[in-house]
Amino acid sequence: MWAWLSGPFMNSLGSVFSFISKDVVSKIQIIENFLSGENGSHYATIQSMVTYELENDLVDLTKRGSHPESGCRTLLRLHRALHWLELFLERLRTSTEDSKTSVMCSDAYNESLAQHHPWLIRKAVGMAFCALPGRDTFFEVMNAGDHTQVVALLGESLPLIAEVYQITEDLYANNNLLELP
Ligand SMILES: CCCCCCCCCCCCC/C=C/[C@@H](O)[C@H](COP(=O)(O)O)NC(=O)CCCCCCCCCCCCCCC
């Protein structure tokens with residue numbers, strides 16, 4: 001399912017994007033390792049992961065310490081990335097022929113992930129966006145047919161992405177986990 005993150009499309013985007021996809025792949029790997037480890041059953045759902053890690057003091061809550069790669073903080077990074085994805089795909093869905101992917105990407109980034117990234121990363125990411133391929137290429141790599149079909153697919157998927165995002169957001173908010181280091 002995550003193969004595209006290290007596939008030819010991401011590779012064709014250059015070194016900043018391969019850095020980004022390596023970061024995402026390694027975070028997914030951290031969570032998969034918990035899932036296949038001896039306490040894997042606690043990682044079957046996000047809810048059970050949160051309960052298990054909090055009850056067993058497995059999360060660094062205020063500053064990085066003995067649990068720098070907890071499931072909770074790792075998923076939080078992916079959760080924020082999912083928000084970026086939602087905002088970007090919504091822009092792509094409603095875009096017109098002369099919309100620029102670089103603008104769609106950076107607007108979505110500034111509304112989401114950028115708030116959690118230091119200056120240097122924001123600058124590097126901002127420059128990388130300028131080199132993104134055009135809108136047609138994005139429609140093509142989704143491999144879901146012509147523009148109309150891709151727009152329809154996005155229309156069906158985006159509410160589901162938004163729902164997943166909101167469930168995690170509420171769970172993390174209720175447990176004060178939204179600022180995990
Ligand atoms: C498809 C086209 C291109 C991708 C565009 C990327 C948009 C934004 C890029 C921002 C990248 C910043 C790189 C920094 C990484 C880390 O410093 C930083 C902090 O990690 P740390 O606390 O462990 O140190 N990592 C992150 O914030 C994770 C960012 C990942 C952004 C990737 C977005 C693309 C993929 C979406 C997949 C969503 C999967 C969700 C699964 C539940």
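Note that ligands are numbered from 1 as they come in the structure, with each ligand's atoms numbered from 1 the same way.
- Summarising the local packing, CD of Q115 is surrounded by more than 12 heavy atoms from other residues, nucleotides or ligands at distances under 6.0 Å.
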Give a table of atom pairs where an N or O of ligand 1 lies under 3.5 Å from a protein N or O.
{"unit_1": "ligand 1", "atom_1": "20 (O)", "unit_2": "K27", "atom_2": "NZ", "d": "3.2"}
{"unit_1": "ligand 1", "atom_1": "22 (O)", "unit_2": "R73", "atom_2": "NH2", "d": "2.8"}
{"unit_1": "ligand 1", "atom_1": "22 (O)", "unit_2": "R77", "atom_2": "NE", "d": "3.1"}
{"unit_1": "ligand 1", "atom_1": "23 (O)", "unit_2": "K27", "atom_2": "NZ", "d": "2.8"}
{"unit_1": "ligand 1", "atom_1": "23 (O)", "unit_2": "R73", "atom_2": "NH1", "d": "2.9"}
{"unit_1": "ligand 1", "atom_1": "25 (N)", "unit_2": "D23", "atom_2": "OD2", "d": "2.8"}
{"unit_1": "ligand 1", "atom_1": "27 (O)", "unit_2": "H117", "atom_2": "NE2", "d": "2.8"}

Distance-only criterion, 3.5 Å: show the donor-acceptor pairs between side-chain atoms of residues 48-55 and protein atoms not counting sequence neighbours.
{"unit_1": "S48", "atom_1": "OG", "unit_2": "H42", "atom_2": "O", "d": "2.8"}
{"unit_1": "S48", "atom_1": "OG", "unit_2": "T45", "atom_2": "N", "d": "3.2"}
{"unit_1": "S48", "atom_1": "OG", "unit_2": "T45", "atom_2": "O", "d": "3.1"}
{"unit_1": "S48", "atom_1": "OG", "unit_2": "T45", "atom_2": "OG1", "d": "3.1"}
{"unit_1": "T51", "atom_1": "OG1", "unit_2": "Q47", "atom_2": "O", "d": "2.9"}
{"unit_1": "Y52", "atom_1": "OH", "unit_2": "N39", "atom_2": "ND2", "d": "3.0"}
{"unit_1": "E53", "atom_1": "OE1", "unit_2": "G71", "atom_2": "N", "d": "3.2"}
{"unit_1": "E53", "atom_1": "OE1", "unit_2": "C72", "atom_2": "N", "d": "2.9"}
{"unit_1": "E53", "atom_1": "OE2", "unit_2": "Y43", "atom_2": "OH", "d": "2.5"}
{"unit_1": "E53", "atom_1": "OE2", "unit_2": "G71", "atom_2": "N", "d": "2.8"}

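- Within the structure, side-chain hydrogen bond (donor to acceptor under 3.5 Å, both in side chains) contacts touching residues 83-93 (residues at least two apart or in different chains) are E90-R93, R91-E111.
- Judged as a side-chain hydrogen bond (donor to acceptor under 3.5 Å, both in side chains), the pairs with a partner in residues 135-145 (not counting sequence neighbours) are, in order, S95-R135, D136-H147.
- F138 is not connected to L87 by any chain of hydrophobic side-chain contacts under 4.5 Å among Ile, Leu, Val, Met, Phe, Trp and Tyr, and they are in different clusters.
- A perpendicular orientation is assigned to the rings of Y109 and F129, their planes being inclined by more than 60° (bins at 30° and 60°).
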